[in-house]
J.: 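Below are the structure tokens for one structure; questions will follow.
Note on naming: letters A, B, ... go to the chains in the order of the sequence lines (proteins, then strands), and numbering restarts at 1 for each one. Being a predicted model, the structure only gives us computed values, none of them experimental.
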Amino acid sequence: MKKKILELLGRAIEAAFIDGSLCRAEAPIIEIELPREENHGDYATNIAMILAKTQKKSPRLVAETIMNHLHCNGILEKVDLAGPGFINFFVKKDLWVTLLEEVDLKGDAYGRSDLGSGQRVQVEFVSANPTGPLHIGHGRGAAVGDVLSRILEATGHAVVKEYYINDAGNQMANLGKSVYFRYLELLGQSVSLPDGCYRGDYIIELARTMLDRHGAALQSTTPEEVIPLFTDYAAGIIMEGIKEDLRIFGVEFDCYFKESELHKDRGVFNLLETLRSRAFVYEQEGALWFKSTAFGDEKDRVVIRETGEPTYFAGDIAYHKNKYERGFDKVIDIWGADHHGYIPRMSAGIQALGRSRDDLKIVLVQLVNLLRNGVPVAMSTRAGEFVTLREVIDEVGADAARYNFLMRRSNSHLDFDLEIAKKQSDENPVYYVQYAHARIVNILKTAADRGYGVPRYGEINAGLLTEPEEHELVKMIDRYPELIEGCALSLEPHRITFYLNGLAALLHSYYNKHRVVSDDGELTKARLFLVYSIGVVLRSALGLLGVAAPDRM
RNA sequence: GGGCGAUUAGCUCAGUUGGAUAGAGCGUUGGCCUCCGGAGCCAAAGGUCGCGGGUUCGAAUCCCGCAUCGCCCUCCA
């Protein structure tokens, strides 16, 4: 409906330009909004106030001129001029319900669009190194990345979900070392773990498995020789665990990309050649620097250390170069918010490769504050005491966990209370929405018991849906495709949970006030179709969140 | 010291990118099952949008200053 109004408005302004009643100006960006106030109509625009400046006329006069060129086309009931120059559109009441036909035509595809027109997008997220199990912060990143991917896919993008394994750095060496020392410990040696080592119990378990497999044999060779064995073994096992956790959480990646692969293909070397040929690197103090200040970074960054080793940053640019070489039009990285200072240099990196700044989008995910009954749960990675994602899923379930992770803008801190998340009460929003779906299924079942199937749109008299609640519901359903497009454009998945909460509230309210299945056959059919349509939208939206839409609870 | 982000109801947070009388959930108070599932509904109370300036027809939103909090400032990853 919004698009139809936009079209009418655009045509009216164009007509005014043509007959000279408005001076032709630069094509203005026409915006239409949903007014809060009911007597401000179904849609409103401030276009007259924006045009007023260039037209050198009063906003109200401009508005009147536009309104005179407006053809209602059987869509609009009336058009008002209001306030300082708003144009308020009132859509014909009986037109709204006809929008439900869209749900009938598209079925489960309702809400999908071709906004992205097949654009190839890569979403990279989680990307935790296999040095330990995923914790709750990774879980939030996983939820955001996965849901964003689903949203982009639903809006016509060709999406690839990727997990980057940074397996060539110090952290992996430390992992091997940690297991190695625990192994020695199990053999009776007294050892003190060096700095940077991991201390969780899982390290000891890994050491014990190594002991079972190799006995004491690995003790007699030099550490340099055997530590890689420990590293490979531990990383493999931990990575399997991570994949399993993600699977249980409902997240499946299309691609796991290892940093070591990059080095095999001399990716970093190739990158440096590219940068050198474009004169974006220089030597100073024995190191090689990337001129990131050329693209707005606050200082240049080292890519090759004095020691001859490439920095992590060098590897990361090479990785992003590789991404674009694989043909992605757009790359989205999901990072922990503590990496925000890293954005300018990464952006500089891809721009030095000749990409536009817009080809890389970075979504920051803030920390999760884990609580139990309002009391913070102590977490310290150093001490090896942290709540893993797996523990959270086991306790509250994947649905509640995912939904809770998406209830806030990813950019802001999130309080996650374990007790509330598993409570099956009104304190827990996920049940509120799921219950709405179960309720609809139950209504349809009751109807079926009385001989009513779900009707097609063509079989109902939509004009019977005249209650205010029905009007609100139809508007809400109509808004759904726009909502999903908005999520895709802004990369903000949390809008879905807010929308769902609103839609579920309307449904519950409607249910309490009006009977769907009644003695009036025609009315029953019309309401059944409305309720069925809400069910389609709930299923679609919950599907995008990766949360179940249960038939009964 | 520099940079980034935050500051909105008792609590946790939205606010459609500058619109009209600022919203939701929880919590509080009071109501609603003869009836498609009460995991629900209805109603009420609750606000100097951190503070002070500025920009304009119009500011929670944009600009400047200040305060408080968090994060980042390595040739670490």
J.: Please give the nucleotide sitting opposite B:A24 as a Watson-Crick or G-U wobble pair, both distances under 3.5 Å, or none.
T.: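 The answer is B:U12, by the H-bond criterion.
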
J.: Does A:K422 have more than 12 heavy atoms from other residues, nucleotides or ligands lying within 6.0 Å of its NZ?
T.: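 More than 12 within 6.0 Å, yes.
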
J.: Picking from B:C13, B:A20, B:C75, which would you name as closest to the side chain of A:N88?
T.: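 For the A:N88 side chain, the nearest candidate turns out to be B:A20.
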
J.: Can a cation-pi geometry be assigned to A:R479 and A:Y499, taking NZ or CZ under 6.0 Å from the six-membered ring centre and within 45° of the ring axis?
T.: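 No; the conditions do not both hold, so A:R479 does not lie above the ring face of A:Y499.
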
J.: Is the count of non-hydrogen atoms from other residues, nucleotides or ligands lying under 6.0 Å from A:R305 atom CZ greater than 12?
T.: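 Yes.
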
J.: Using a cut-off of strictly less than 4.0 Å, decide whether A:R305 has a side-chain nitrogen or oxygen near OP1 or OP2 of B:U74.
T.: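 For B:U74, OP1/OP2 do not have a side-chain N/O of A:R305 under 4.0 Å.
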
J.: For the side chain of A:F86, counting heavy atoms from C-beta on, which of B:C41, B:A20, B:C13 is nearest?
T.: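 Of the options given, the side chain of A:F86 lies nearest B:A20.
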
J.: Using heavy atoms to find the nearest nucleotide of RNA chain B for A:E33 and A:P429 separately, return the residue whose nucleotide is more 5′.
T.: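 Closest to the 5' end, via its nearest nucleotide, is A:E33.
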
J.: Report the C-alpha distance between A:K299 and A:D297 in whole Å, list the side-chain angles of each, state the deciding distance to 0.1 Å, and finish with yes or no for salt bridge (charged side-chain N to carboxylate O under 4.0 Å, His left out).
T.: CA-CA 6 Å; A:K299 56 177 278 199; A:D297 196 6; over 6 Å; no

J.: Report yes if a side-chain nitrogen or oxygen of A:Y511 is closer than 4.0 Å to either non-bridging phosphate oxygen (OP1 or OP2) of B:G38; otherwise report no.
T.: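 Checking B:G38 against A:Y511, a side-chain N or O does come within under 4.0 Å of OP1 or OP2.
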
J.: Consider the side chain of A:Y431, meaning its heavy atoms from C-beta on, and name the nucleotide among B:G70, B:A39, B:A77 that approaches it most closely.
T.: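 Between B:G70, B:A39, B:A77, the one nearest the side chain of A:Y431 would be B:A39.
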
J.: Which sits closer to the 5' end of RNA chain B, A:E306 or A:E298, going by the nucleotide each is nearest to?
T.: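 Taking each residue's closest nucleotide, the earlier one in sequence belongs to A:E298.
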
J.: Any idea which of B:A77, B:G15, B:C13 is nearest the A:H339 side chain?
T.: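 Of B:A77, B:G15, B:C13, B:A77 is nearest to the side chain of A:H339.
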
J.: Counting side-chain heavy atoms from C-beta on, which of B:G15, B:G38, B:C36 comes nearest to A:Y435?
T.: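 Between B:G15, B:G38, B:C36, the one nearest the side chain of A:Y435 would be B:G38.
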
J.: Looking only at side chains, do A:N129 and A:Q171 share a donor and an acceptor under 3.5 Å apart?
T.: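 Side-chain D/A pair, A:N129 to A:Q171: present.
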
J.: Take atom CG of A:L406 and atom P of B:A24, then tell me their distance rounded to the nearest Å.
T.: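 A:L406 atom CG is separated from B:A24 atom P by 22 Å.
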
J.: Is the distance from OP1 or OP2 of B:U12 to the nearest side-chain N or O of A:S412 less than 4.0 Å?
T.: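 It does not, given that no N or O in the side chain of A:S412 lies less than 4.0 Å from OP1 or OP2 of B:U12.
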
J.: Do any side-chain nitrogens or oxygens of A:H494 fall under 4.0 Å of OP1 or OP2 in B:G15?
T.: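 Checking A:H494 against B:G15: at least one side-chain N or O falls below 4.0 Å of OP1 or OP2.
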
J.: Between C1' on B:C75 and OH on A:Y282, what's the gap in Å once rounded to a whole number?
T.: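 From A:Y282 OH to B:C75 C1': 12 Å.
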
J.: Looking at B:C71, which nucleotide sits across from it as a Watson-Crick or G-U wobble partner, both distances under 3.5 angstrom, or is there none?
T.: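 By the stated definition (distances under 3.5 Å), B:G3 pairs with B:C71.
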
J.: Taking the six-membered ring for Trp, does A:H40 stack with B:A20 (centroid gap under 5.5 Å, planes within less than 30°)?
T.: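 The ring of A:H40 is stacked on B:A20.
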
J.: Stacking between B:A39 and A:H508, yes or no? Criterion: centroid separation under 5.5 angstrom, plane angle under 30 degrees.
T.: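 So no, this residue does not stack on that base, at least one cut-off failing.
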
J.: Just checking, A:K291 and A:F280: is the charged tip under 6.0 Å from the six-membered ring centre and within 45° of the axis?
T.: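 The answer is no, since A:K291 fails at least one limit relative to A:F280.
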
J.: With the 90 degree cut-off around zero defining syn, does B:U29 come out syn or anti?
T.: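 Base orientation: anti.
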
J.: Say we look at B:U61 and B:G53: how far apart would their P atoms be, to the nearest angstrom?
T.: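 Each nucleotide's P atom is 14 Å from the other's.
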
J.: Report the base-pairing partner of B:A77 (Watson-Crick or G-U wobble, both distances below 3.5 angstrom), or none.
T.: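 Answer to the pairing question: none, since B:A77 forms no Watson-Crick or G-U pair.
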
J.: Send over the distance from A:Y432 OH to B:G40 P, rounded to a whole Å.
T.: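 Spelled out: OH on A:Y432 to P on B:G40 is 7 Å.
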
J.: Would you measure the distance from the P atom in B:G15 across to the matching atom in B:U34 and give it in whole Å?
T.: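 It works out to 42 Å between them.
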
J.: At 4.0 Å (heavy atoms only), tell me whether A:D449 reaches a base, stays on the sugar-phosphate, or touches nothing.
T.: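 Answer is nothing: A:D449 stays at 4.0 Å or more from every strand.
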
J.: In Watson-Crick or G-U wobble terms, both distances under 3.5 Å, what is the partner of B:C41?
T.: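 B:G31 is the nucleotide pairing with B:C41.
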
J.: Strictly below 4.0 Å: does A:R36 bring a side-chain N or O up to OP1 or OP2 of B:A20?
T.: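 Result: yes.
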
J.: Would B:C33 be called syn or anti here, given the cut-off of 90° from 0?
T.: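 B:C33: syn.
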
J.: May I ask you to verify if any side-chain N or O of A:K299 is less than 4.0 angstrom from the OP1 or OP2 atom of B:C72?
T.: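 No, no such contact exists.
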
J.: So does A:S509 get a side-chain nitrogen or oxygen closer than 4.0 Å to the phosphate oxygens (OP1/OP2) of B:G40?
T.: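 For B:G40, OP1/OP2 do not have a side-chain N/O of A:S509 under 4.0 Å.
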
J.: Return yes if the base of B:G3 and the side-chain atoms of A:H340 contain a donor-acceptor N/O pair under 3.5 Å, otherwise no.
T.: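 Under the 3.5 Å cut-off, the side chain and the base do form a donor-acceptor pair.
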
J.: Taking pairing as Watson-Crick or G-U wobble with both contacts under 3.5 Å, can you name the mate of B:A59, or confirm there isn't one?
T.: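 Checking every strand shown, B:A59 finds no partner, since no pair has both distances under 3.5 Å.
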
J.: Atom CG of A:D415 to atom P of B:G27: distance rounded to whole Å?
T.: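 The distance from CG of A:D415 to P of B:G27 comes to 16 Å, rounded to the nearest Å.
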
J.: Between N or O atoms, less than 3.5 Å apart, protein on one side and nucleotides 48-50 of chain B on the other: list the pairs.
T.:
none

J.: So what's B:G65 paired with, Watson-Crick or G-U wobble, going by both distances under 3.5 Å?
T.: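 Looking at the geometry, B:G65 pairs with B:C51.
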
J.: Working to the nearest 0.5 angstrom, can you tell me the gap between A:E259 CD and A:N166 CG?
T.: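 Taking CD in A:E259 and CG in A:N166, the distance rounds to 4.5 Å.
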
J.: Without decimals, in angstroms, what is the distance between A:N512 CG and B:A39 P?
T.: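 Nearest whole value for this atom pair: 11 Å.
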
J.: Starting from P on B:G5, measure out to CD on A:Q366 and report it in whole angstrom.
T.: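 To the nearest whole Å, that distance equals 12 Å.
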
J.: With side chain to side chain contact (heavy atoms under 4.5 Å, CB included) as the criterion, how do A:H320 and A:L360 come out once you've worked through the C-alpha distance, each side chain's angles and the decisive distance to 0.1 Å?
T.: CA-CA 9 Å; A:H320 282 77; A:L360 175 66; 4.0 Å; yes

J.: In whole Å, what is the span from the CG atom of A:N373 to the C1' atom of B:C26?
T.: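 These atoms are roughly 14 Å apart.
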
J.: Quick one: which of B:C75, B:A14, B:C57 gets closest to the side chain of A:M49?
T.: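 From the listed options, B:C57 comes nearest.
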
J.: Between atom CG in A:L34 and atom C1' in B:A20, what is the gap in whole Å?
T.: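 Interatomic distance, CG of A:L34 to C1' of B:A20: 14 Å.
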
J.: Does the B:G19 base have a donor-acceptor partner in the side chain of A:N46 within less than 3.5 Å?
T.: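 Yes, the side chain and the base share a sub-3.5 Å donor-acceptor pair.
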
J.: To the nearest 0.5 Å, how far apart are OH in A:Y532 and NZ in A:K525?
T.: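 It comes to 16.0 Å.
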
J.: Within a radius of less than 6.0 Å around NZ of A:K258, do more than 12 heavy atoms belonging to other residues, nucleotides or ligands occur?
T.: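 Check fails, neighbour count at 12 or below.
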
